[in-house]
Each structure stands twice: as C-alpha cells, then as structure tokens.
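To start, the structure itself, in structure tokens.
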Amino acid sequence: MSHQQATQAVRAGIETDEQYGAVTPPLYLSSNYTFENLGSPRKYDYSRSGNPTRDVLADCLADLENGAGAVVTSSGMSAVHLVTQLLQPSDLVLVPHDCYGGTYRLFTSLANKGGCRVKFVDQGDSETFAAALTEKPRMLWMETPSNPLLRIVDIVQLCEQAGDDVIKVVDNTFLSPIQQKPLDLGADLVIHSTTKYINGHSDVVGGAVIAKAEGLYEQIAWWANCIGITASPFDSFITTRGIRTLGIRIKKHEENAQSIAEYLDKNCLVENVYYPGLEYHPGHLIARKQQTGFGAMLSFTTKFDQETLAIFIKSLKLFSLAESLGGVESLICHPATMTHAAMDKSAQLEAGITPQLLRVSVGIEELEDLLSDLKQAFDFVENKLGNLQQEVSNG
Ligand SMILES: *Cc1c(COP(=O)(O)O)cnc(C)c1O
C-alpha cells in the first residue's frame, strides 16, 4: 500500500512497540545496550552509533525524501559538516553565492585551512555556472529557494549539467519533502535543518542528511558515528512529534503566505515582494515545475527609513522579531542587521539585501488575524508619516 507523504509522517513509528503495544514509539534514553551473550550484540549497542528513537525519525525522513537512508544530526550545521567529510583537500565545491550564512562560514573556514577548495557562484546565471563546471568540481551544493530573496534554481537542469562524477547536494530546509524532493530531481544527498519546518515548533535544533543510494548512505552513517554528531534521543523524539503534523502545517503555512504576499503586493507602502507564488517572481515557473507548493517564506521592501521601519516592526503584534523560520508562529526579521549581519555591506548589496528588506516566516495563525495585524501596523505608520508631512508643510 503506498501512502501519501503526509500520512507517512503522521504514522511514523506508530504501533511498532512490541513490548507493551504502545501506540506512539517510546523514548529510549539509554546510552548503551546489553549484549545477549559474549560475542552476540543486539541490534543496538551504543547510542552514538544507533538509537531506536532516532531511527524512527531517520526512517521517516528517508521515506519522505525517497532516499535509501537518513542520518539524523544534532543541528543543520552538523548535517552540512557531515557532508563535507566526503571531500578531499584537492576537491572543489561549487556553492551558491547566496547560500545560508552558516554554510558560507563553514565552507570558507574549511577551505582556508586546506580541507577543500570552494567557489561561490551565481548558479542562476547559466554562463557563470557552465564556466565553473569546467573547473571539474567534486561537489555541487544547491539551496533553493534561497535566503532571503527566494531565488529558485532548476535542480534537474543543474544536476544534468554537473553530471555523474559530481556529488550533488540540495539544502531543502526552506521547503520540506512534502513540497520538493531533490533526490527525485537528480540530487544524491539532501540536507535539512530540522530546526525549521520538519520540527516546526521552534523548540529543537536539529538536522538530517538523506542519501539516495545505499552506498553514499553507508559512508555518511559511518562518518556520523566516527565524528559523533548524531542527534540525541530526546531531540529525535520531539522532532518526530513535530513531523507528524507536517502535512497539515504546510497547507496552512502556504495558504497564509500566498494571501499575505498578494496583500503586500497590492499595498502602496510596499515596494517589492519576493515570493515564488507570485506570477511575476523570476523563479515562478521553475518553482511550479519542481515544487508542489511555494513555501511560506517571503520578503519585501518598503519605502520606510530605518526609524519608520523600527516603528512598523514594533507595532506588529503577531509577527515576532526573531531569526530562524519554519515554526508555527509568524516571525519577521531584518536580514541586514540580523540573519545576514556577518556579510559586509557590499556583499549584502550584491546579494540584494538592502537595509529596507524585511523577511517573514509566515506561521499558521488565522489568516484574518495576520492580515489585520499587518494592516493596523501599516495604518499606524501611514498616519504617523502623514502627521509628519503635515507638520513640515504647516511649519
Ligand atoms: C537554519 C539553516 C541551516 C542551519 O541549521 P541549524 O539547525 O541552525 O544548525 C542550514 N541551512 C539553511 C537553509 C537554514 O535555514
């Protein structure tokens, strides 16, 4: 029987407890397991190498991404780090120029101490990308949609161009396996920061690497045990609890995001809206082709100066000013001073991150409430600006 993916997520590990018939799988905190007899270990011996609670989540993620196996790690960054174990010092990695900040830091630091060679490229520019391929990279790192401008690259096309000799990796964190399955589109590995949509409740930091083929899975699992970056049983348990509602959460996230994007698009105080679900978004058609939904991350610019921007953010009641994303609660952030503060000004501007840009992680609150909150904040600011203008013209 083949289940829809949302159903698979709901059913992860349900009715697998043979001892008591517990409906949900129990949490195994024990660090070690007895041997049945001298020379006969059981399925598990030590929790860093294998743990039943972590395996429930790993199996679920492998199923959802259509992979041969998954390794659950202690964070999204440790998932990125784990993949870099496949590289030799002479190997070249092509990384998107607008990749996640932590990924940028990890690859540059690794390259600086001779762990690999790295080249940051605009993968959306076909000439630049083709030129980079002539340098014979060993690994191609992709991230689509990108952060914070939601740029989309064509996974099928990039994977085909790169060819079989290149290990193709997609960071699928901004969507989820429900909306995009990179392994079906030609990638060899998918990584997730499960901190985001997979767990979905902003209460665990975690990650995962999912491999398409058994061989690569075994290498990744070997390295994960070797360097000791597997996730704790407790975090795995909480994340499995979160993933059960992935299907229903994503539906509501996307319904809210599409409506908010359309609302912002019509608002005369807003300059640009970046959301792949809007037809004029440059990545709209590729997103339609390779995704089953447009996700719930969006960004926009206003005509406000910094002071007004601060007032606007302060007057929002249902969008919390915070980094991170993918939780049930709506968040707003200012990339230039928050998530992307580590980039210098010129790098920010080159990546399109202006001081006017705001990024929103749209939550699953009632749409009406989110829309009226935005409306009251815009009204408040507009009145304030109107009063100022009046004072200026009167005075
Ligand atoms: C958050 C994030 C990461 C890093 O994950 P952590 O769980 O914070 O370590 C990697 N890639 C993307 C796209 C992210 O959003």
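Order of appearance sets the numbers: ligands from 1, and atoms from 1 within every ligand. Residue numbers count from 1 along this sequence. Computation of the quantities below employed the complete heavy-atom set of this structure, encompassing side-chain atoms and omitting hydrogens, waters and symmetry-equivalent molecules.
Under 3.5 Å, the side chains of Tyr280 and Asp265 contain a donor-acceptor pair of N or O atoms.
Atom numbering of ligand 1 starts at 1 in the shown order; those under 4.0 Å from a heavy atom of Gly206 are 7 (O).
Regarding atom 9 (O) of ligand 1, its nearest protein heavy-atom neighbour is Met77 N, 2.9 Å. Of the protein's heavy atoms, Gly76 N, 3.4 Å lies nearest to atom 6 (P) of ligand 1. Nearest non-hydrogen protein atom to atom 11 (N) of ligand 1 is Asp171 OD2, 2.7 Å. Here the protein heavy atom with the shortest distance to atom 8 (O) of ligand 1 is Tyr100 OH, 4.0 Å. Residue, atom and distance of the protein heavy atom nearest to atom 15 (O) of ligand 1 are Lys196 NZ, 2.8 Å.
Remark: ligand 1 and Thr103 share no N or O pair separated by less than 3.5 Å (distance only, no angle test).
Aromatic rings from His192 and Tyr197 are positioned such that their centres are separated by 6.0 Å or more.
Classification of Asp184 and Lys212 as a salt-bridged pair fails, no side-chain N sitting under 4.0 Å from a carboxylate O.
When every heavy atom of Leu175 is checked against every heavy atom of Gln291, the shortest pair comes out as CD1-CD, 3.5 Å.
Using a 4.5 Å heavy-atom cutoff, the side chains of Tyr104 and His97 are not in contact.
The main-chain N or O of Asp203 is never found under 3.5 Å from a side-chain atom of His201 such that the two would form a donor-acceptor pair.
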